[in-house]
Amino acid sequence: MSSVRSAAPASPPGPVRRAGPRQWWALVALTVPVLLMSIDLTVLSMAVPALSTDLAPTASQLLWIIDVYGVFLAGLLILMGSLGDRIGRRRLLLTGAVAFGAASLLAAFAWNAEVLILARALLGLGGATLMPSTLSLIRNIFEDPAQRRRAISVWAAAFAGGAGLGPVVGGLLLEHFWWGSVFLINLPVMALLLAVGPFLLPESRDPRPGPFDLLSAALLIGAVLAVVFGFKEAGKLGWGVQPAAWLAGGTLVAALFAARQRRLAQPLIDLALLRSLPFGVAVLTNIAGVFAMTGMLYFFPQYVQIVLGRSALEAGLWALPLATGAIIGSLTVPALARRFPAGLVIGLGLALASSGYLLLSLLDTDGVAALAFAGGALLGGGVGLANTLANDVIVSAAPPGRAGAAAGISETAYELGGAMGTAVLGSVGAQVYASRVLADLPAQTPPEAAGAATQTLAAAERVAASLPPAQGRELLGTAHSAFVDAMSQTFLTGGLIVAAAAAAAALALRTYRVTAATATH
């Protein structure tokens, strides 16, 4: 497939079948599990204190409990999308629903940290079968480009909104139930999907998939896992030798994978997709959008709960404008895409996200709710707008037979953007926080307390509680101010990065429109 730079079709398109009520009900069946999976990405953060008390994980085990889901999800998305193209997307979706439900049950009743880590890894495996299957089935169910764009906007609204709803759902459940309840909510949704999926969802696959190359699959998994893990390690440890080694190793394995794909007559991934300018820009847009949302979700719960002293549920409610904005932004895409080039709409979305970041950078230790809500709504709305149209560009640029692989690439970009957001923006914030604490530390602070206070805001809270009251209050005030300064600097950095992505997308796709002619049939 050559680079797609205009709306001229390679061959005259055949008649397009418009979707009826059955297809729209199928969209409902495909959207609900995506909403649930997106909630799962953030809901666990609210349950960490309770499960830590119950299971007593070590610091390393706790990090794996949090990270292993996203690592396995990212590492397997492209592979599972390609597998769905071969064995059937509906078959893979329903198989994944069984795996996701069973893993949720195991996680809810995990009796130690090791079992919970295993269950979270299995959740990542199940999720990797669900997400590309849903998007690729939408690509094949909705042949009419306008209807497909509307369907993708609903899918994207569920995905973007779920990330913001996760803290709210977690807070509500933990007000009344034990920590395992955040996993049990998955079971009725998976059961419903298994009940209605065989009747509502048509089977689709690549009619000429070719042989499944096991070596290519191993190289692909190794490359994505190493890169994502490297960014996650950088987010936790800073940019040292270990994260750099993971990233370098992942890049090398990715180069070996690409070289093998070019030699195969029927590759696992069609690298020509990535040479398409619209496809490549859309993938980078997904990375930039999730990069932006992750940066906010990384700092915002700490700011609301520790600096402002609010409850976990209140912290979740403060994130609602982010989710609401993402939903509204996603649902406005069809109307805007009919009137304007894709580059203008994507650029506008990322520019709105950048302006949201700039507003959030003005927050201080007093916490102006109106400023936080407006900034969150702009950030969420901009990301919803940009990423929804980016997904439409991705599935429209890919041939129907490669829809699963294209969807897997799109969603891997989401996970990569999340890992990069934590690594890049998290490390910027950590450096600014440590330098501010050291610069303003009260003179009488014991050296061991000073060292701990520079690590994290939560550590500073613990240290302050162990000091005499007046000294503890002074240290706490210093730590709160340092954290807010670090958050502001990080949001400014994120805003500038997203603004650069907005300008690049608007320029690269300034004349590109997603129409019937852009889809390869």
Side-chain angles (χ1 to χ4, degrees), residues 42 157 160-161 163-168 285 288-310 314-332 336 344-388 417-418 420-422 424-426 428-429 432-433 436 457 480-506:
T42 53
L165 290 174
V168 182
T285 296
V290 180
F291 176 96
M293 290 188 74
T294 303
M296 179 186 175
L297 291 172
Y298 181 80
F299 286 95
F300 216 56
Q302 298 179 74
Y303 171 71
V304 177
Q305 292 183 70
I306 299 178
V307 176
L308 302 185
R310 308 297 177 90
E314 286 179 297
L317 293 174
W318 274 55
L320 266 183
L322 180 74
T324 304
I327 292 169
I328 294 172
S330 298
L331 295 178
T332 58
L336 292 175
L344 181 61
V345 178
I346 291 174
L348 173 63
L350 292 178
L352 287 174
S354 176
S355 65
Y357 252 151
L358 297 180
L359 273 183
L360 291 170
S361 72
L362 301 176
L363 289 169
D364 56 23
T365 52
D366 294 328
V368 181
L371 186 62
F373 293 171
L378 281 173
L379 177 56
V383 171
L385 190 65
N387 283 20
T388 300
M420 289 175 64
T422 302
V424 176
L425 298 181
V428 169
V432 175
Y433 171 77
R436 293 288 194 275
L457 182 57
H480 285 182
S481 296
F483 181 84
V484 171
D485 285 347
M487 184 177 72
S488 295
Q489 290 295 320
T490 303
F491 287 171
L492 280 172
T493 302
L496 292 174
I497 292 172
V498 176

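Fair warning: this is a prediction, and the values are worked out from it, not measured in the lab. In this chain, numbering begins with 1 at the start of the sequence shown.
Not one N or O on the side chain of S361 forms a donor-acceptor pair closer than 3.5 Å with the backbone of S488. Using a distance-only test at 3.5 Å, with no hydrogens or angles considered, no donor-acceptor pair links the side chain of Y357 to the main chain of T493.
The minimum heavy-atom distance between L352 and G382, with the atom names listed, is CB-CA, 3.9 Å. Looking at every heavy atom in both residues, L358 comes nearest to L492 through CD2-CD2, 3.7 Å. Closest non-hydrogen pair, D364 versus V484, comes out as CA-CG1, 3.6 Å. The two residues A486 and V432 come nearest to each other via the heavy atoms CA-CG1, 3.5 Å. Taking every heavy atom of both residues into account, A351 and A502 meet most closely at N-CB, 3.7 Å. The two atoms that bring L360 and A372 nearest to each other are CD2-O, 3.7 Å, heavy atoms only.
The CG atom of L320 lies 8.5 Å from the CZ atom of F373; values are rounded to the nearest 0.5 Å. The OG atom of S354 sits 10.5 Å away from atom CG of L378, with the distance rounded to the nearest 0.5 Å.
T332 pairs by the side chain to side chain contact (heavy atoms under 4.5 Å, CB included) definition with I328, L336, L385, not counting sequence neighbours. Residues satisfying the side chain to side chain donor-acceptor pair (under 3.5 Å) criterion with S330, sequence neighbours excluded, are T388.
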